[in-house]
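Keep in mind that this is a model prediction, so the values were computed, not measured.
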Amino acid sequence: MKKVFYLGVLLSVFLSGCVAAYNTNIENPEPNQVTEKIDIYFTKRPVQEYTEVEIVEILSFNIFHQKKHVLNKLLLKAEAAEADGIIITDFGYINMLFIPFHKIECVFINYSNDE
């Protein structure tokens, strides 16, 4: 009878699953030459006309990285692509072996010069 009880508990845990939530606070990167050139958008969109240049996903597999390190890496990639701005579509985590790694998905944009 005990075996059936433990089997029932084990099945209920596996079938019901587990829910975890992670919050990502929006942090402005540290001011430097790159952040002065590239605009960053999280929830708002640019008022100017723009064209989407590239969809980018940045993952950090360094457990010592913070969100600002990943954002600075993204800014350097945007500068290399000569983007005028970044629209961040997802700023979160990927869990691997119970370790959260930072992930940013975004779109590089260039402003239209139709003035």
Side-chain angles (χ1 to χ4, degrees):
M1 189 67 177
K2 283 185 176 181
K3 289 182 182 180
V4 173
F5 174 74
Y6 290 125
L7 181 62
V9 170
L10 188 63
L11 282 175
S12 67
V13 169
F14 282 118
L15 293 177
S16 64
C18 178
V19 176
Y22 291 98
N23 294 335
T24 302
N25 295 327
I26 297 173
E27 297 177 5
N28 291 329
E30 297 173 2
N32 56 36
Q33 291 179 338
V34 177
T35 57
E36 292 174 1
K37 290 188 233 175
I38 299 173
D39 298 326
I40 302 172
Y41 300 95
F42 292 98
T43 55
K44 297 180 182 179
R45 296 294 183 251
V47 178
Q48 301 168 268
E49 290 290 321
Y50 63 90
T51 56
E52 297 177 348
V53 179
E54 186 177 353
I55 298 172
V56 178
E57 180 178 83
I58 297 281
L59 293 170
S60 173
F61 291 106
N62 186 338
I63 61 173
F64 300 110
H65 272 174
Q66 298 173 353
K67 290 174 275 199
K68 64 182 178 182
H69 293 114
V70 182
L71 189 55
N72 284 333
K73 185 177 178 182
L74 178 67
L75 286 168
L76 292 173
K77 187 167 177 67
E79 182 183 37
E82 298 180 357
D84 293 328
I86 300 170
I87 300 174
I88 296 178
T89 57
D90 186 19
F91 197 167
Y93 300 95
I94 290 181
N95 283 320
M96 292 186 188
L97 300 174
F98 305 107
I99 301 171
F101 295 104
H102 298 288
K103 174 186 79 157
I104 299 177
E105 293 177 6
C106 68
V107 176
F108 290 165
I109 60 170
N110 283 331
Y111 297 121
S112 300
N113 295 327
D114 297 336
E115 300 176 37

Hydrophobic cluster identity match, Ile55 and Tyr50, side-chain contacts under 4.5 Å: yes
Non-hydrogen side-chain atoms of Pro46 and Ile109 separated by less than 4.5 Å: yes
Contacts of Tyr41 that satisfy side-chain hydrogen bond (donor to acceptor under 3.5 Å, both in side chains) - sequence neighbours left out: Tyr111
Single-linkage hydrophobic cluster Phe42~Ile87, side-chain heavy atoms < 4.5 angstrom: no
Heavy-atom pair of closest approach, residues Ile38 and Ala83: CG1-O, 3.7 Å
Shortest non-hydrogen separation from Thr89 to Cys106 and the atoms involved: OG1-N, 3.9 Å
Interatomic spacing from CG in Leu75 to CD1 in Ile40 - rounded to 0.5 Å: 4.5 Å
Pairwise distance CD1(Ile104) to CG(Leu71) - rounded to 0.5 angstrom: 5.0 Å
Co-membership, hydrophobic cluster, residues Leu74 and Phe91, 4.5 Å side-chain: yes
Euclidean distance, Glu54 CD relative to Glu82 CD, rounded to 0.5 Å: 11.5 Å
Test log, rule side-chain contact (heavy atoms from CB on, under 4.5 Å), inputs Val56 and Phe108: CA-CA 7 Å; Val56 178; Phe108 290 165; 3.5 Å; yes
Value rounded to 0.5 Å, distance of CG in Asn72 from CD1 in Ile58: 11.5 Å
Distance (rounded to the nearest 0.5 Å) between Lys77 NZ and Ile86 CD1: 11.0 Å
Enclosure of Glu57 CD (heavy-atom neighbours >12, cutoff 6.0 Å): yes
For Glu105, all residues meeting salt bridge (Lys or Arg N to Asp or Glu O under 4.0 Å), sequence neighbours excluded: Lys103
